[in-house]
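Data block below; observations after.
Computed over heavy atoms, backbone and side chain alike; hydrogens, waters and symmetry mates excluded. Order of the sequence lines sets the chain letters (A, B, ...), proteins ahead of strands, with each chain counted from 1. Remember, predicted model here, so these are calculated numbers, not experimental data.
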Amino acid sequence: MNKLLSLLSLGLLPAGAFAAEGIDPGASAWLLTATALVLMMTLPGLALFYAGLVRSKNVLSVLMQCFAIACVASLLWLVVGYTMAFGAGGNGFIGGFGNVMLAQVFENTLTATLSADVMVPESLFAMFQMTFAVITPALICGAYAERMRFGAMLLFSAVWLLAVYAPITHWVWHSDGWLFKEGLLDFAGGTVVHITAGVAALVAALVLGPRKGFPQQPMMPHNLTMAATGAGLLWVGWFGFNAGSALAADGNAAMAALSTHISAAAGAFAWMCIEWIRHGKPSALGIITGMVAGLGTITPASGYVGPGGALVIGLSAGVVCFFATMAIKRKLKIDDSLDVFPVHGVGGILGTFLAGIFASDALGVFSGQGYAEGVTMGSQVGVQLLGIVATGLYTAAVTWVLLKLVGLVTPLRVSSDEETEGLDLVLHDERGYDIR
Amino acid sequence: MNKLLSLLSLGLLPAGAFAAEGIDPGASAWLLTATALVLMMTLPGLALFYAGLVRSKNVLSVLMQCFAIACVASLLWLVVGYTMAFGAGGNGFIGGFGNVMLAQVFENTLTATLSADVMVPESLFAMFQMTFAVITPALICGAYAERMRFGAMLLFSAVWLLAVYAPITHWVWHSDGWLFKEGLLDFAGGTVVHITAGVAALVAALVLGPRKGFPQQPMMPHNLTMAATGAGLLWVGWFGFNAGSALAADGNAAMAALSTHISAAAGAFAWMCIEWIRHGKPSALGIITGMVAGLGTITPASGYVGPGGALVIGLSAGVVCFFATMAIKRKLKIDDSLDVFPVHGVGGILGTFLAGIFASDALGVFSGQGYAEGVTMGSQVGVQLLGIVATGLYTAAVTWVLLKLVGLVTPLRVSSDEETEGLDLVLHDERGYDIR
Amino acid sequence: MNKLLSLLSLGLLPAGAFAAEGIDPGASAWLLTATALVLMMTLPGLALFYAGLVRSKNVLSVLMQCFAIACVASLLWLVVGYTMAFGAGGNGFIGGFGNVMLAQVFENTLTATLSADVMVPESLFAMFQMTFAVITPALICGAYAERMRFGAMLLFSAVWLLAVYAPITHWVWHSDGWLFKEGLLDFAGGTVVHITAGVAALVAALVLGPRKGFPQQPMMPHNLTMAATGAGLLWVGWFGFNAGSALAADGNAAMAALSTHISAAAGAFAWMCIEWIRHGKPSALGIITGMVAGLGTITPASGYVGPGGALVIGLSAGVVCFFATMAIKRKLKIDDSLDVFPVHGVGGILGTFLAGIFASDALGVFSGQGYAEGVTMGSQVGVQLLGIVATGLYTAAVTWVLLKLVGLVTPLRVSSDEETEGLDLVLHDERGYDIR
Amino acid sequence: MKMITAVIKPFKVDDVRDALSQLGIQGMTLTEVKGFGRQKGHTELYRGAEYVVDFVPKAKLEVAVRDDQLEDALEAIRAAANSGKIGDGKIFVTALEQVIRIRTHESGDDAL
Amino acid sequence: MKMITAVIKPFKVDDVRDALSQLGIQGMTLTEVKGFGRQKGHTELYRGAEYVVDFVPKAKLEVAVRDDQLEDALEAIRAAANSGKIGDGKIFVTALEQVIRIRTHESGDDAL
Amino acid sequence: MKMITAVIKPFKVDDVRDALSQLGIQGMTLTEVKGFGRQKGHTELYRGAEYVVDFVPKAKLEVAVRDDQLEDALEAIRAAANSGKIGDGKIFVTALEQVIRIRTHESGDDAL
Ligand SMILES: Nc1ncnc2c1ncn2[C@@H]1O[C@H](COP(=O)(O)OP(=O)(O)O)[C@@H](O)[C@H]1O
Ligand SMILES: Nc1ncnc2c1ncn2[C@@H]1O[C@H](COP(=O)(O)OP(=O)(O)O)[C@@H](O)[C@H]1O
Ligand SMILES: Nc1ncnc2c1ncn2[C@@H]1O[C@H](COP(=O)(O)OP(=O)(O)O)[C@@H](O)[C@H]1O
């Protein structure tokens with residue numbers, strides 16, 4: 001069976017019918033681990049990465065957003081999210097409702113992966129996917145940081161998960177999904193996670209408007225050691241994200257891990273070099289930002305390309321995301337506070353596109369694992385572009401509508417005085433630090 | 001073989017007699033990982049969670065307590081702890097002394113788990129259990145934080161490990177243990193870990209007396225970002241704690257991981273909502289405290305219940321532990337500094353009780369994996385109550401005696417002036433921070 | 001086949017020829033995890049451990065060094081490092097160049113381990129080894145911290161990786177390597193990682209000279225909570241380092257994990273006790289330093305000894321490294337800023353030596369897994385001493401030459417005024433903290 | 001010469017600096033302080049219990065000026081720091097007997 | 001008007017504040033400082049080696065008072081901050097030429 | 001008595017303390033402050049964009065001295081804090097009306 005098609009048809013198999021003998025303990029062991037690693041990406045990884053970059057008066061508000069989203073997204077995923085994405089009996093656009101509250105997912109329910117003979121517990125697959133459903137809305141936090149009200153933030157994240165994330169996951173990763181059927185290559189979430197989060201971030205930044213004082217007043221990170229800690233945990237956790245998406249402990253997972261790591265290193269290296277050349281000095285924030293760009297960009301490609309391709313993808317990620325950040329923030333003066341769109345959105349787009357190229361097995365040392373039968377580089381790139389445009393447009397439109405609707409229910413922003421005082425005291429009656 | 005009985009009879013099997021072919025590499029891979037995850041719960045997880053909550057003059061004393069307990073508990077576990085809990089040839093109350101210094105545990109010694117055909121190295125099982133022996137006394141630190149002398153603390157922790165933790169582990173998790181034989185459901189340590197630590201914390205708080213200034217003077221956390229970091233690592237590590245306790249990489253482990261995660265999310269969500277309703281604002285400390293409550297409470301139930309049951313358990317944990325904290329600290333004015341009893345003790349009691357209910361397979365979407373043959377909900381709940389009362393009373397009595405004895409050897413508390421100056425300088429000649 | 005020889009001949013097997021059926025999913029699952037754990041040791045583990053120990057004006061420079069080395073070492077490993085260490089067709093001193101850019105390492109390329117029947121993807125082995133290639137030069141950072149220029153640091157680390165680390169890895173871990181053929185026992189990197197890094201650190205400290213103000217002016221750690229966080233992550237990650245080096249999820253891995261943990265606990269305990277006795281108080285920095293000493297020292301021995309041996313090794317590590325630190329810093333007044341040589345170098349030497357003793361299976365409760373056929377304790381210790389001397393001398397000489405050469409290209413140190421101002425502002429135009 | 005000590009709201013520091021530099025006063029020294037006064041502090045939440053924290057973060061600016069600059073400087077600070085809300089802060093003036101610039105040994109008005 | 005500057009032990013701040021507010025003095029400004037004096041600092045341990053750190057954390061309270069409040073305020077501070085041990089600190093008094101409340105433009109005693 | 005307030009470069013604090021203690025002046029109070037003046041601040045980099053940060057970290061030393069110690073103390077501070085570069089800082093002198101040692105109730109010169 002062709003490897004490129006083999007990724008994720010599993011949600012749709014009739015559950016509960018498998019004998020316990022069918023389970024692959026190695027794959028299950030790795031998937032359990034990968035699940036923990038992806039959770040670690042959000043908590044505490046992303047939470048620290050983001051929280052370190054805001055001013056100290058808002059540090060807890062960011063941590064709180066990440067924790068609260070993790071809770072609400074997990075509970076929603078249990079109740080309806082999973083079935084909307086992977087439930088049996090749906091159509092090309094949305095899953096069936098047979099797995100509401102994970103009904104029919106029992107302790108001994110297995111799910112096939114298209115890696116021949118590899119079966120894992122469906123509860124484990126659902127749990128693994130839950131951690132993706134947690135991190136995607138959490139990524140958006142970076143856009144509206146330092147000004148959005150907590151209640152509005154939570155409501156928005158909840159409806160966004162169901163109206164944007166769950167359907168797009170179905171399109172791309174369920175074997176009934178229309179983009180899956182088109183043959184879109186998105187190994188671990190370039191469209192599903194990074195384009196959706198990045199585009200939503202851009203829309204949120206536009207709808208909420210800039211922070212008070214932007215762009216004249218510099219709003220420097222209050223604790224780069226915290227951001228670097230988070231960055232390190234993100235890098236480590238991303239092994240679970242990408243190599244875990246192989247749903248097996250095999251060569252595919254190993255290659256995905258290797259590509260992921262190389263792209264992270266290359267992205268960080270590229271960003272560092274640009275700063276060094278343009279500014280005369282490289283910065284710690286620069287190197288970790290390039291690393292995240294490299295990681296986001298390799299995500300859709302990770303299981304399809306080789307280390308040579310990953311090197312090129314990572315280097316391009318560092319360069320392209322650097323200039324995208326400059327363009328969005330400095331030229332267009334859009335206050336996507338922590339640069340979610342230029343890093344994750346642009347990275348996701350770039351990576352989804354490049355996956356279509358470097359999956360080719362005819363590029364010598366830059367070769368990947370090859371296309372599905374009958375697919376050429378041209379046709380694959382066409383599909384990739386279709387995926388990018390479709391997920392981007394759908395996300396932009398729905399996110400805009402959702403923010404406007406939420407804004408009708410409850411104000412999106414804190415008042416100007418509250419913004420000056422800081423969200424920690426205003427929204428949570430707490431201070432981050434009391435160090436003497 | 002009945003699943004509910006299958007958990008942990010392994011310590012007692014004759015060791016060394018198995019062929020290498022019998023090992024389950026998937027189970028072993030997961031158990032190696034789970035061991036690392038549980039260690040991460042204590043170091044740096046719990047250490048940061050606790051240390052962030054004290055005043056900055058005491059931050060290192062808490063980190064130091066956690067590290068020192070990790071060392072001493074590990075060494076004691078090697079020498080006599082393991083054999084007291086799991087050594088062959090004991091009785092219903094204590095293990096035999098055949099595994100002193102892990103004698104008879106060789107590289108190729110396997111131990112059966114009652115999951116048919118799953119065998120893992122006994123050294124690995126001993127190592128996994130060692131991480132539990134580390135975290136349990138470390139949990140108690142939260143009760144006597146900011147006032148106990150280091151030497152007394154270390155001596156107390158050491159004797160407590162042997163006099164309380166090791167025997168109760170034997171009672172509950174060894175197939176000879178009297179509570180095991182009663183059929184007590186404690187998948188990953190509701191009684192063994194959380195009730196023992198929680199009750200010991202309450203006793204320690206009473207014996208040591210409140211911190212100087214309690215309750216008039218607020219003693220606010222000095223670094224909530226540190227506490228949140230620790231909380232995130234606790235959440236991640238708890239996958240190892242609960243799903244690792246399946247001792248296999250199978251559907252049982254997967255379901256335990258899922259239940260654990262859902263309960264954490266639900267506990268956090270519940271605590272957040274209560275604060276929001278009662279106070280008008282939710283707090284970061286609140287959400288992470290609710291998360292820990294959810295995790296502690298699901299622990300005994302994790303491998304027996306389904307996600308629906310876990311949802312109910314988590315929500316109850318958030319509510320009950322919130323009000324327990326209010327009651328102990330505000331009403332009874334007991335200075336259990338970091339609320340170990342209301343969170344872990346009450347959570348452990350609640351979870352052990354609810355495991356008896358939600359293990360039932362007759363609760364529809366809230367069903368669990370079912371009772372052992374011949375067991376009804378009524379009889380199971382009876383056993384659970386017996387387990388709660390027995391472990392609680394034993395722990396309370398022995399902890400009280402041990403503290404009194406340690407107090408005869410060396411003073412338990414620092415002097416009033418030393419308490420004012422802070423334990424870091426007084427006990428360790430160090431300061432946590434020197435940030436300019 | 002003898003276990004002691006079984007470790008790492010794998011790089012040399014003809015690649016690409018194995019059927020997918022040969023893969024061991026359990027071993028692969030554990031190796032994927034171990035890879036993530038070892039990466040976590042560097043990022044954020046070591047980075048935090050080191051960065052917490054410098055003054056706050058240099059905190060980012062240390063984090064930046066660790067991140068930049070991680071990037072550059074990873075890219076170099078992909079391009080030529082792996083093939084220089086493990087490439088087929090080399091001689092006793094250096095690997096062949098058949099795997100430049102990981103050529104011939106495909107998704108389904110397996111590599112045998114000498115554990116009979118255990119095969120893992122070669123890409124995974126290469127990736128696992130890459131994380132070792134990352135941490136080794138990163139360890140050296142501690143020696144030149146607070147004064148080395150970033151460009152010089154990066155150039156030095158790159159050439160050192162190729163000129164020192166890659167060849168010595170080949171000598172010791174490739175079955176063609178001359179020390180491998182001598183029968184040197186180095187399970188997870190006592191010579192390869194810790195002696196090379198430690199000796200290079202000493203040379204770097206001597207070539208760069210002391211920090212301005214050393215030794216009169218105390219240069220206290222600016223954030224011991226950060227160092228303790230890093231220490232906790234190092235302890236956890238070291239499970240991957242040592243138990244991962246078994247390249248299988250079996251009893252050998254389990255025993256390595258157990259020994260590692262015991263030695264860490266014993267090293268920490270010993271250092272704590274010495275401080276307690278000599279100074280009257282134990283310190284948090286002391287306990288974590290002893291822990292690292294215990295971990296570094298057990299590394300070469302971890303898969304060959306039992307828990308009893310590990311206990312002795314850990315206790316000696318705490319004592320010997322403590323006095324080595326005193327001697328180097330206080331007596332000899334060498335400013336190895338963060339004591340890399342006395343902790344890692346001396347630990348690596350001690351552990352490599354003691355591995356030769358405690359591998360013996362004739363020491364009762366202190367026994368290990370036994371020697372290869374025909375080997376006696378005397379002959380093994382002789383080989384261990386040979387390995388220590390050879391790797392130590394080669395490292396010292398080549399490191400010295402490399403630093404002198406780099407110094408010709410670009411100055412090694414910042415100016416005196418820049419050192420006073422701090423590297424963060426001078427080299428990176430950033431400040432670590434802006435906490436109000 | 002006079003030393004002006006102004007205790008103001010932290011986010012007004014930039015405005016006050018700008019106002020002073022328009023008078024040609026470039027030098028000043030800033031300290032982060034905690035203020036107690038009529039302005040109330042805030043409530044903090046700790047595991048469900050509320051605590052009142054009664055200090056308020058303030059910025060203390062110390063500006064040495066020539067006697068002839070005093071009135072303008074006071075008015076500039078007052079105008080720039082004013083938000084019309086309780087807690088805008090206070091300005092204190094003391095006499096300076098001597099000022100020395102360390103680098104040049106200049107003293108008196110020249111040292112400012 | 002006088003400016004009282006008291007350098008005291010940090011944990012005495014609350015007591016001093018209470019004592020002053022009993023005199024009707026509500027306003028004051030607190031700075032965290034490091035003191036050098038007769039009170040010895042402490043020893044710090046760094047990987048087995050001991051270092052002497054000779055500064056001591058202190059709190060500096062600045063309180064502007066009317067002339068007629070001065071003596072009572074001094075006595076209140078002295079009594080509340082006294083623990084009888086070396087390092088209890090010192091009180092300094094300087095003359096205040098002018099005080100202005102930023103919000104209202106009030107000056108002199110009215111501004112206090 | 002006089003209060004000497006010296007705003008100096010942070011790494012000069014030890015030198016100044018040593019110089020003063022050679023005059024027999026042991027007591028002083030140190031505050032970390034931010035200075036604005038002729039000395040320029042620094043550039044910071046944030047994701048490729050540069051920002052100018054115009055404050056400079058400084059140390060403020062407050063030393064109360066007897067009148068007869070004033071000149072020597074000023075000269076000692078000046079000499080020890082001088083590096084000849086812009087930003088070496090300034091010394092301010094004000095009159096002290098009263099000094100009280102809290103512990104002993106001593107006042108005036110005896111309290112120093
Ligand atoms: N008597 C005083 N002495 C010293 N500082 C004072 C005094 N009164 C007020 N302050 C400072 O001024 C700040 C503002 O005073 P406050 O009474 O809150 O408002 P307002 O300035 O509007 O009267 C206080 O936070 C405190 O720092
Ligand atoms: N001459 C001085 N000038 C300024 N501050 C001083 C002076 N002497 C002492 N202090 C401050 O007062 C504090 C207490 O002084 P110290 O000599 O330790 O004890 P005591 O107040 O009991 O005499 C010091 O830490 C310092 O902050
Ligand atoms: N007019 C002033 N009032 C108060 N502090 C001042 C004044 N002018 C300078 N300072 C302080 O002195 C420091 C040094 O001043 P600066 O003008 O940079 O250099 P220099 O002392 O060489 O003239 C400043 O950073 C500031 O803290």
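The side-chain contact (heavy atoms from CB on, under 4.5 Å) check on C:Ala265 picks up B:Cys71, B:Ser74, B:Leu75, C:Trp235, with sequence neighbours excluded. B:Pro25 meets the side-chain contact (heavy atoms from CB on, under 4.5 Å) test with C:Asp24; sequence neighbours excluded.
We find the CG-CD distance between C:Asp250 and B:Glu107 to be 7.0 Å, quoted to the nearest 0.5 Å. Rounding to the nearest 0.5 angstrom, the gap separating the NE2 atom in B:His222 from the OG1 atom in C:Thr225 is 6.5 Å.
In this structure, the portions of C:Leu233 lying under 4.5 Å from any heavy atom of chain B include both its backbone and its side chain. For B:Leu76, no part lies under 4.5 angstrom from a heavy atom of chain C. Neither the backbone nor the side chain of C:Met226 comes within contact range of chain B; no heavy atoms are under 4.5 Å apart. The contact between C:Trp276 and chain B is made entirely by side chain atoms (from C-beta outward), counting heavy-atom distances below 4.5 Å. Looking at B:Ala73, there are no atoms closer than 4.5 Å to chain C (heavy atoms on both sides), in backbone or side chain.
Heavy-atom pairs under 4.5 Å with chain B peak, among C:Asn223, C:Leu311, C:Val59, C:Val118, at C:Asn223. The most heavy-atom pairs under 4.5 Å with chain B, out of C:Ser283, C:Gly280, C:Gly230, come from C:Ser283. Of the listed residues (C:Pro307, C:Ser367, C:Pro282, C:Ala228), the greatest number of heavy-atom pairs within a distance under 4.5 Å of chain B belongs to C:Pro282. Each of B:Trp77, B:Phe67, B:Phe128 has some count of heavy-atom pairs under 4.5 Å with chain C, and the biggest count is that of B:Phe67. The most heavy-atom pairs under 4.5 Å with chain C, out of B:Gly26, B:Gly52, B:Ser28, B:Ser123, come from B:Ser123. Note on B:Leu124, B:Thr229, B:Leu427, B:Val100: by heavy-atom pairs under 4.5 Å with chain C, the leading option is B:Leu427.
Residues B:Ala68 and C:Met272 come closest through the heavy atom pair CB-SD, 4.1 Å. Nearest heavy-atom pair across C:Lys281 and B:Val426 is NZ-O, 2.9 Å. The two residues B:Met127 and C:Phe239 make their nearest non-hydrogen contact at CE-CZ, 3.5 Å.
For C:Tyr50, the OH atom is densely surrounded, since the number of other residues' heavy atoms within 6.0 Å is greater than 12. Other residues, nucleotides and ligands contribute over 12 non-hydrogen atoms within 6.0 Å of the CG atom of C:Asp361.
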Start with the C-alpha distance between B:Leu102 and C:Leu258, add both sets of side-chain angles, then the distance that settles side-chain contact (heavy atoms from CB on, under 4.5 Å), and finish with yes or no. CA-CA 11 Å; B:Leu102 291 185; C:Leu258 179 59; 3.6 Å; yes
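Contacts of residues 429-436 of chain B with chain C at a heavy-atom distance below 4.5 Å involve B:Asp429, B:Glu430, B:Arg431, B:Gly432, B:Tyr433, B:Asp434, B:Ile435, B:Arg436, listed in sequence order.
Between B:Met130 and C:Ile262 the shortest side-chain heavy-atom distance falls below 4.5 Å.
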Mind listing the side-chain donor-acceptor pairs of residues 32-48 of chain B below 3.5 Å, one per line with the distance, residues two or more places apart or on another chain?
from, atom 1, to, atom 2, distance (Å)
B:Thr33, OG1, B:Ala29, O, 2.9
B:Thr35, OG1, B:Leu31, O, 2.7

